[in-house]
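Note sheet for the following structure.
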There are 2 protein chains.
Amino acid sequence: MSAQRGRRIAGGDTRAEILVAARAMFGESGYTATTLRGVAHRAGVDPALILHHFGSKEVLFRNATHVSFDPAAIAAIIGSRDGGSPGERLCRYFLGLWEDGVTREPLLAMLRSALTHEAAAESLREFLSEALVGRVAMVLDTADAALRATLVGSQLIGLAMARYVLRIEPLASADPATVAAWIAPTLERYLTA
Amino acid sequence: MSAQRGRRIAGGDTRAEILVAARAMFGESGYTATTLRGVAHRAGVDPALILHHFGSKEVLFRNATHVSFDPAAIAAIIGSRDGGSPGERLCRYFLGLWEDGVTREPLLAMLRSALTHEAAAESLREFLSEALVGRVAMVLDTADAALRATLVGSQLIGLAMARYVLRIEPLASADPATVAAWIAPTLERYLTA
DNA sequence: GATGGAATTCACCACACGGTGAATTATAGA
DNA sequence: TCTATAATTCACCGTGTGGTGAATTCCATC
């Protein structure tokens, strides 16, 4: 029952389990409130092991929240011609990211930490500015493209906050399709006013 | 120069100074990352004094973030007939709250802490649900009024996050009037689709 | 002008934090 | 099979945290 000293018998990918636990806890509590001890406990592991694998809490966080989003995908989605207007496509893509349990957790962690932890904020800012704004601006090709893209970002952040973080009803439990139907026109207007 | 023991000579309202410092720090760092010692240092006061005045960090937070918003004001603003559509009026009111240094700080503190601190989240949820959604729903009088109001809330939260917390450019530095001109129609559409 | 109470600081406490260094055990390669 | 190495735990360390209790100083009331 009690933990044994030394290397475990092969089989489990402990490092990966630590990342899973870390993602969950960063997503629930944000960077500061998440403790190495808490993550370790959740992963069924000694706290020191986390530092052995990742050197510091900061690095752990980066590894846990490194959501492998594809910046090019966004441009493709907006630029493509399948399924409705660009606004609708972008909206569905965004909602899809949050509805999928796999991608939701790193996003939650990112967003929850962004308000407290400067590095996370920088990361999110970069993501929005570069990936979203940059790509959108390229596709749009108007003078105020940057502002337009930021407005799109603001609505998307607000949606994520209200629906997935604060869980305000009835938005939180509403059907994704319903939400998309309401939000998409807003995005569309921001993109092509 | 060094601090003296015992009661200070009359003149300053130390309790109020503590609240000012607390508001600033909660607004900059959120609940968890803000320490009593930090607040005390900023207020030029011994940490124990804070606990003497407010009993606990939790109570300090509640006192510091108790933004005296007037729920009735929102209903009045939406319901009134001065200056543009309801969406425009609401948007200007909201932006006004954030552009004013006095009201901005408690709001920042609230928002920054809402993602990490459950009590703060509850507080913000309550504010949005009751004050905003409730009042808007009454004025609107449609079946999906609650959903509409929440969508309005999501755009407003997103705006605050992008512009005042994450400070994403060019939204952060844009002229308030410009921002209002872009956002207001969105709110208007959510209210009266 | 004495006196009770409020305001303020000081010296601590128990605890949790992130992080370090050595000891122990299993795995992988020779 | 022997050995180097990677994985894991343990015992700590220094620091910072929210919070407590007593001592000190001023203010206000009589």
Side-chain angles (χ1 to χ4, degrees), chain A residues 1-23 25-26 28-65 109 113 116-120, chain B residues 1-23 25-26 28-65 109 113 116-120:
Chain A
M1 186 61 215
S2 65
Q4 294 194 39
R5 221 182 158 111
R7 185 168 188 152
R8 294 182 182 176
I9 56 176
D13 187 348
T14 313
R15 195 188 139 105
E17 286 166 19
I18 290 175
L19 278 178
V20 169
R23 246 186 303 268
M25 300 209 67
F26 282 130
E28 289 166 12
S29 321
Y31 183 85
T32 316
T34 295
T35 71
L36 293 182
R37 285 167 162 81
V39 174
H41 180 75
R42 184 159 187 154
V45 144
D46 190 276
L49 183 59
I50 300 182
L51 293 164
H52 171 253
H53 279 307
F54 308 90
S56 78
K57 184 183 181 182
E58 185 62 41
V59 175
L60 205 225
F61 178 77
R62 274 203 291 272
N63 278 271
T65 57
S113 307
T116 297
H117 189 52
E118 188 46 44
Chain B
M1 185 60 217
S2 65
Q4 293 193 44
R5 221 182 160 112
R7 185 169 190 154
R8 295 183 181 176
I9 56 175
D13 187 349
T14 315
R15 196 189 140 104
E17 285 166 19
I18 291 175
L19 278 178
V20 169
R23 245 186 304 268
M25 300 207 69
F26 281 129
E28 289 166 13
S29 320
Y31 183 85
T32 315
T34 295
T35 71
L36 292 182
R37 285 167 162 81
V39 174
H41 180 75
R42 185 156 184 156
V45 142
D46 189 276
L49 184 58
I50 300 182
L51 293 164
H52 171 253
H53 278 307
F54 311 85
S56 78
K57 185 183 181 183
E58 185 62 41
V59 175
L60 204 225
F61 179 76
R62 274 203 292 270
N63 278 271
T65 57
S113 307
T116 296
H117 189 51
E118 189 45 44

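All values below come from the heavy atoms of this structure, side chains included, with hydrogens, waters and symmetry mates left out.
A search for salt bridge (charged side-chain N to carboxylate O under 4.0 Å, His left out) contacts involving A/Arg42 returns A/Glu28, not counting sequence neighbours. Qualifying salt bridge (charged side-chain N to carboxylate O under 4.0 Å, His left out) partners for B/Glu17, counting only residues two or more places apart in sequence or in other chains: none. A search for side chain to side chain contact (heavy atoms under 4.5 Å, CB included) contacts involving B/Ala109 returns B/Phe26, B/Thr65, not counting sequence neighbours.
Minimum interatomic distance between B/Arg23 and B/Asn63 (heavy atoms only, all atoms of both residues): NH1-O, 4.2 Å. Among all heavy-atom pairs drawn from A/Ile50 and A/Ala40, the shortest one is CD1-N, 3.6 Å. Across all non-hydrogen atoms, the minimal contact from B/Arg8 to B/Gly44 is NH2-O, 2.7 Å. The heavy-atom pair separating B/Ala21 from B/Val39 by the smallest distance is CB-O, 3.8 Å. In plain terms, the two heavy atoms of A/Ile18 and A/Ala43 that are nearest each other are CA-CB, 4.1 Å. The shortest heavy-atom contact between B/Ser29 and A/Thr116 is O-CG2, 3.8 Å.
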5' to 3', nucleotides 23-30 of chain D under a 4.0 Å protein heavy-atom cut-off (B base, S sugar-phosphate only, - none) gives BBBBS---
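Between the side chain of B/Arg37 and the base of D/dG16, no donor-acceptor pair of N or O atoms lies under 3.5 Å.
Residue-level contact check: B/Thr34 touches the backbone only, with heavy atoms under 4.0 Å from sugar-phosphate atoms and none from bases.
B/Asp13 contributes atom CG, which lies 8.5 Å from atom CG of B/Leu19 (distance to the nearest 0.5 angstrom). Between A/Asp46 atom CG and A/His41 atom NE2 the span is 12.5 Å, to the nearest 0.5 Å.
When DNA chain C is scanned 5' to 3' for any atom under 4.0 Å from a heavy atom of chain A, the first and last hits are C/dC17 to C/dT27.
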In a table with atom names and distances, give each donor-acceptor pair under 3.5 Å that connects a side chain of residues 51-60 of chain B to protein atoms at least two apart or in another chain.
{"from": "B/Ser56", "atom 1": "OG", "to": "B/Glu58", "atom 2": "N", "distance (Å)": "3.4"}
{"from": "B/Ser56", "atom 1": "OG", "to": "B/Val59", "atom 2": "N", "distance (Å)": "3.3"}
{"from": "B/Lys57", "atom 1": "NZ", "to": "B/Tyr31", "atom 2": "O", "distance (Å)": "3.1"}
{"from": "B/Lys57", "atom 1": "NZ", "to": "B/Thr34", "atom 2": "O", "distance (Å)": "2.8"}
{"from": "B/Glu58", "atom 1": "OE1", "to": "B/Tyr31", "atom 2": "OH", "distance (Å)": "3.2"}
{"from": "B/Glu58", "atom 1": "OE1", "to": "B/His117", "atom 2": "NE2", "distance (Å)": "3.0"}

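Residues from residues 40-55 of chain B with heavy atoms under 4.0 angstrom of DNA chain C, sorted by number: B/Val45, B/Asp46, B/Ala48, B/Leu49, B/His52, B/His53. Heavy-atom distances under 4.0 Å link DNA chain D to A/Thr14 of residues 14-23 of chain A, given in residue order.
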